[in-house]
Number of protein chains: 2
Amino acid sequence: MKGAFYQGNKRFSVGEVRPQPPGLGQVRLKVAYSGICGTDYHVYLGHMDQRIKTPQVIGHEMSGEVAEVGEGVEGYKVGDKVVVRPLDPCRKCPACELEHYNICPDLNFIGIDSPGSFQGSWTVPAHTLHHLPDTIDMRQAAMIEPIAVAAHDVRLGLVTRKDYVVVLGAGPIGMLEALLAKIKGARVLVSEINQFRVNLARELGMEVVNPREIDLPKYVEEQTGTAAADAVFEVTGAPDAAEMMTKLVRTRGRIVIVGIFAEPVKVDLRQIQWREISVFGVRNYGPEDFEAAISLVTAKALPLDRLISDIRPLEQVQATFEEIERGANFMKVLLKCSE
Amino acid sequence: MKGAFYQGNKRFSVGEVRPQPPGLGQVRLKVAYSGICGTDYHVYLGHMDQRIKTPQVIGHEMSGEVAEVGEGVEGYKVGDKVVVRPLDPCRKCPACELEHYNICPDLNFIGIDSPGSFQGSWTVPAHTLHHLPDTIDMRQAAMIEPIAVAAHDVRLGLVTRKDYVVVLGAGPIGMLEALLAKIKGARVLVSEINQFRVNLARELGMEVVNPREIDLPKYVEEQTGTAAADAVFEVTGAPDAAEMMTKLVRTRGRIVIVGIFAEPVKVDLRQIQWREISVFGVRNYGPEDFEAAISLVTAKALPLDRLISDIRPLEQVQATFEEIERGANFMKVLLKCSE
């Protein structure tokens, strides 16, 4: 079995991994495919070096099957198709006491804080697993983790079929949020500046505008008969989007903060107070979001083949991250982790 | 009957007002007492000159009784004790369609956008009225409007008896929010820098700290066993409080934005996203908040005599605003508007 080891300094090495026998409560998986997440790219850039013990296999968006079952594990057998919800919370902090496992401050995010899925053989706690139906396409199943992110965000953003939703930023997560909001029956407007993403979103039937080409608040006002958007998803982490978001949302509307802001940014709290806007921070997912994502993939409800830009052998990991750094027109790239 | 007319340039004149006969759906009131709100002080400072048609009677925190009933008004008779909920929304905009009358963009806030209660005789739409019990103390009843503000904020902030609540800023609204959160059974910490307010809050049984004297986030962490606050009420409108608020609140905690921010300020959206914090803007009140406030005053549940710093004749309006400007140690001053 091969594994892709992050070495630091934008370098990966690919080498043999020794299958790690599953301990008590663990399962060893044969990983089929692993998607490259924006977080993995941040790792590559060195932004998360204090959390990584190099050389380390990273990666956490995956599909696979059970290869070996450890002691004390019930409900799984060799050959079962599964995905991993890569959260191993401490279960004793105040957040965990409130069952906010997804935002535990001492969270072991598997694939960052401990070894990940860019390898053919991966040993994980059984409590992280979700069953997949046998008929599922394993390439599409590698998209379940990011779909679960989007499902979580749309759920906490309280999106309904009555909503006019604006999504700021159509990377993989923003695009999936837009698609899920549409499935909920909402009218969705996508705001994006990258032409590749604009084109892809349009091909997928989205209404897309470039906020550098039009007056976005005015456009939203016109489209909603002056009401403005019911919900805005901020998925860019960009300071100008943080200034924009309060201009797009109606009285008592919702702003969902998905993007990661490197530092504090200016926000118009006056507008938030004056129009009783709610702002919801969102991160990771719960088990119900994974189940929702599995149902969507099983039902073929999403154009995943259009979102998967390419599938590469694990050996091309270095070249692929370098292409991403050069601004390649990718939505999601999968690494094939085993035969 | 006398009235206090704002003339612009920090000047009030006191003169005779001619009672205005109530039209269709209106009621003329004899005003007993009117409180001076922070908003009235902003009017005095000239901050709201574009909304005021000088010379204009301002004021909106009041108690009074029905003096004359217009055509088409049911449920009120001469002599009934009442308070006014000073909101006259347009009832046709998108916000009003969603029944968000308190944040209608075309809201006529009576006492700012139209004549107010700093006068002995005041004619208002009957739909703004709430009945008071005959036994109520009319000085205390003049506090119902700000209590309704606090009741609204504590309601939208979802405060429960399980909460640890931090209130940033103990002016009249912050102090009332702290008192109402305590009545809900929450543990409350007040943060305030003004020594008069610190002392008064302590006299009223509050736990109070000065954030310039202690490390407030560290204190809250210690007090909550590292969990941090369930809810933070930002009632200062100060940029440093906007930076502080995200440091005080727990995972999935709530921040309630009550303070009015003159311009966009830096907010740590990264913390909001990372810990799934919710931020709720709050403004004005609904009928249910007035009913809650009336019940609290009727039940003598609040130390209102300690919050009412002084009661002055209407003729002293100019001197009183000048005292406020000089930093007088007032919590709430009432103007006596009729004999």
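All of these numbers come straight from a predicted model, not from anything done at the bench. Residue numbering restarts at 1 for every chain, and letters A, B, ... go by the order of the sequence lines.
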Honestly, the part of B/L269 sitting under 4.5 Å from a heavy atom of chain A is both

Item to complete: Say whether B/E276 and A/N102, considering side chains only, have a donor N or O and an acceptor N or O under 3.5 Å apart.
Response: yes

Honestly, the part of B/L156 sitting under 4.5 Å from a heavy atom of chain A is side chain

query = Is B/R252 close to A/L98 at the side-chain level, that is, under 4.5 Å between some pair of heavy atoms?
reply = no

*Taking the side chain as C-beta and beyond, is there a heavy-atom pair between A/C93 and B/T226 under 4.5 Å?*
no

Max heavy-atom pairs within cutoff under 4.5 Å with chain A, candidates B/E263, B/H152, B/E234, goes to B/H152

Under 4.5 Å to a heavy atom of chain A? For B/V258 that would be backbone

Max heavy-atom pairs within cutoff under 4.5 Å with chain A, candidates B/I257, B/V265, B/I272, goes to B/V265

Subject >> Whether B/R270 side chain and A/I260 backbone form a donor-acceptor pair below 3.5 Å >> reply: no

- request: Verify the neighbour count for atom CZ of B/R51: are there more than 12 heavy atoms of other residues, nucleotides or ligands below 6.0 Å?
  value: yes

With chain A, the option among B/Q273, B/K266, B/R254, B/R275 that has the most non-hydrogen atom pairs under 4.5 Å is B/Q273

Looking only at A/I277, A/N284, A/V279, the option with the highest number of non-hydrogen pairs under 4.5 Å against chain B is A/V279

Interatomic distance, CG@A/D268 vs CZ@B/F261, rounded to 0.5 Å, equals 10.5 Å

Tightest non-hydrogen contact, residues B/G225 and A/P94, listed as O-CG, 3.9 Å

Rounding to 0.5 Å, atoms CH2 (A/W274) and CG (B/L107) come to a distance of 8.0 Å

Of the listed A/T224, A/V267, A/V256, the one with the largest count of heavy-atom pairs under 4.5 Å with chain B is A/V267

inquiry  = How about CZ on A/R161, more than 12 heavy atoms from neighbouring residues, nucleotides or ligands closer than 6.0 Å, or not?
reply    = no

